[in-house]
Amino acid sequence: MLLGLMLMMCAPPCELTALLLTATPSRPVEGGSVTLACNVLVPSRRLDGPLQFCFFRDSRVLWPGWSSSPELQLPKVWREDSGSYWCEEKTMAARVTRSPRVQIQVQRVPVCNVSLETQPPGGQVQKGERLALICMVARGTGDITFLWYKGALGLNLETKTQRSLAAKFEIPAVRDSDTDKYYCAADNGYGPSLSELVSVTVRIPVSRPVLTIRGPGAPAEVGDVVELRCEAQRGSPPILYRFYHKNVTLGRSSAHAGGGASFNLSLTAEHSGNYSCEADNGLGAQRSKAVPLNVTVPTEDRKELLASGILEGMLGVLGPVILALFCCGLRKRLGRRPSGNPRGSPPSPVPPASSYVNSPAPLQGQSVYENANVVRGDEVYSLVYHTQQEWPPAVPPPRTRVEDQDASAIYFRLKKANVTDEDYDDAM
């Protein structure tokens, strides 16, 4: 009887099927997959009929419950999936066998290499546009908490927790006060990791500039140096200013730190008219209103300018006519030149001939004239010789003033009239 009892106590363990649960990998990492296998240790004699398997974690049944497969694939595991795992086997006779428990600890990877990027890139954004701050980590598993900060004091702007390697914070319409330095932090349970500072500049388009003209006095006169001052009240630097006179560019100047710019101009009579300036910082150019400037010309300068203008006008109109008449008259004079007198050599004066009559009473004096043309280059001269033939008296009579002026008067009159030899011979 004692032997039978011992056989009864020994029989069940020998007939039971032993189970063993294994996990691959044994130390999984968050975000990775795990394969659970329920291994049956078959005894010396085989059992009849198919087996059913089921997997558990911390007393909870894992999907899909009972099945004919001794393996279960977990596509992704996280740190909260850590726990105690086992499997069970069920026979056709509804006899259930359980495996020993296996402790599985899912490993979490700390975040690292946190960075902050901006959209648009470079941190340059126009006022009123959208700004996006993107916080990213190179590595890290599980739920990551992202935080965004503004300024050196670390004003917290936003906090987000999500299972990803990047998160975005947006400012729908930036304002002037949004110009500052920003950074972000990421934490998945191992402590926050910070990014570097990123500068954000809100660029403001320039407003319409104002042009002012400053001079030494009023009114502006020729020779004065005036200052053209152009300034836009709003606008992000650097600002490029251009100066115009009657829409013609005079010069340009840059204001790298903002504010206005100046251009100095030395006035002439031609600088009267409308002036304007333009401001541009790359976000659109703005033009100022036109400012008139009247340059006063002094009386002396005005007379000189008037005389110069009249002379230029007369030369422009009468110059060709005078030149044509001069050339025509020169041709005629050259055509009438005597053949015996070579060009350029003046004629020899005729020596005066004196005639005397043997008479005690002096005869009335006779005048002898001789005309000769002298050509030098393009100039023609008329020479007139006047000799007085008379009886030599014993005592020369006193000369009158009229006689002294007679020869010179005839010479200048003939020269002024341009009397030629032929005309003089005909008149005589």
Side-chain angles (χ1 to χ4, degrees), residues 120 122-129 173-180 199-320 322:
Q124 301 285 329
V125 58
Q126 188 171 343
K127 182 179 179 180
E129 292 185 347
V174 295
R175 298 172 296 179
D176 301 351
S177 58
D178 292 325
T179 296
D180 212 325
S199 296
V200 173
T201 303
V202 179
R203 292 185 55 77
I204 305 172
V206 294
S207 59
R208 189 174 188 181
V210 176
L211 177 66
T212 56
I213 302 178
R214 303 170 183 172
E221 295 184 355
V222 172
D224 290 347
V225 177
V226 297
E227 177 190 9
L228 306 179
R229 178 73 179 179
C230 188
E231 185 172 1
Q233 297 300 321
R234 298 188 312 275
S236 300
I239 303 175
L240 176 63
Y241 291 95
R242 298 182 180 90
F243 298 87
Y244 299 92
H245 174 227
K246 299 179 181 178
N247 295 325
V248 177
T249 304
L250 294 174
R252 62 183 64 189
S253 180
S254 295
H256 297 283
S262 299
F263 179 80
N264 293 330
L265 181 64
S266 181
L267 297 179
T268 65
E270 291 77 15
H271 282 146
S272 293
N274 290 330
Y275 289 79
S276 62
C277 68
E278 184 181 76
D280 187 7
N281 65 348
L283 303 177
Q286 293 288 338
R287 194 79 170 261
S288 70
K289 293 182 179 180
V291 177
L293 176 65
N294 184 26
V295 180
T296 302
V297 180
T299 307
E300 295 78 6
D301 295 341
R302 189 181 297 112
K303 290 180 180 179
E304 293 179 0
L305 290 175
L306 180 60
S308 177
I310 294 175
L311 181 59
E312 290 179 0
M314 293 180 63
L315 289 178
V317 175
L318 301 178
I322 296 174

*Determine the minimum heavy-atom distance between Ser288 and Pro209, stating which atoms define it.*
CB-O, 3.2 Å
*When you measure from the side chain of Arg203 to the backbone N and O of Pro237, does any donor-acceptor pair fall under 3.5 Å?*
yes
*Exercise: identify the closest heavy-atom pair between Ala173 and Gly128*: CB-O, 3.6 Å
*With the side chain counted from C-beta on, respond yes when Val222 and Val295 share a heavy-atom pair under 4.5 Å apart, and no when they do not.*
yes
*Where is the tightest heavy-atom contact between Leu267 and Ala220, given as atom of each residue plus distance?*
CD1-CB, 3.6 Å
*Okay, side chain of Asp176, backbone of Lys127: is any donor-acceptor separation there less than 3.5 Å?*
no
*Roughly how far apart are Cys230 SG and Tyr275 OH, rounded to 0.5 Å?*
14.5 Å
_Closest heavy-atom pair and its distance - Gly284, Val206_ = O-CG2, 3.4 Å
*asked:* Within this structure, what is the CZ-CD1 distance for the pair Arg234 and Ile239, rounded to the nearest 0.5 Å?
replied: 11.0 Å
*How many angstroms lie between atom CZ of Arg242 and atom CG of Leu250, to the nearest 0.5 angstrom?*
13.0 Å
*Ser254 side, atom OG; Asn281 side, atom CG - distance, nearest 0.5 Å*: 11.5 Å
*Please say which of Ile213, Asn264, Thr212 ends up in a side-chain contact (heavy atoms from CB on, under 4.5 Å) with Glu227.*
Asn264
_Minimum-distance pair of heavy atoms, taken over all atoms of Ala290 and Asn274_ = CB-CB, 4.2 Å
*Kindly assign one of parallel, tilted or perpendicular to the pair His245 and His271, based on the angle between their ring planes and the thresholds 30° and 60°.*
perpendicular
_Leu211 and Leu228: CA distance, side-chain angles, deciding distance, side-chain contact (heavy atoms from CB on, under 4.5 Å) verdict_ = CA-CA 7 Å; Leu211 177 66; Leu228 306 179; 4.2 Å; yes
*Would Gln233 and Ser207 count as having a side-chain donor-acceptor pair, cut-off 3.5 Å?*
no
*asked:* Side chains of Glu221 and Thr296, heavy atoms from C-beta outward: is any pair under 4.5 Å?
replied: yes
*asked:* Taking Thr179's backbone N and O only, do any of them form a donor-acceptor pair with Thr201's side chain (distance below 3.5 Å, no angle check)?
replied: no
*Any donor and acceptor pair, going by atom type alone, linking the side chain of Ser253 with main-chain N or O of Tyr241 inside 3.5 Å?*
no
*Hey, are the side chains of Val200 and Asp178 touching, using non-hydrogen atoms and a 4.5 Å cut-off?*
no
*With no hydrogens and no angle check, is any side-chain donor or acceptor of Arg208 less than 3.5 Å from a backbone partner on Arg287?*
yes
*So, for Ile204 and Ser236, which heavy atoms are closest and what is the spacing to 0.1 Å?*
N-OG, 2.5 Å
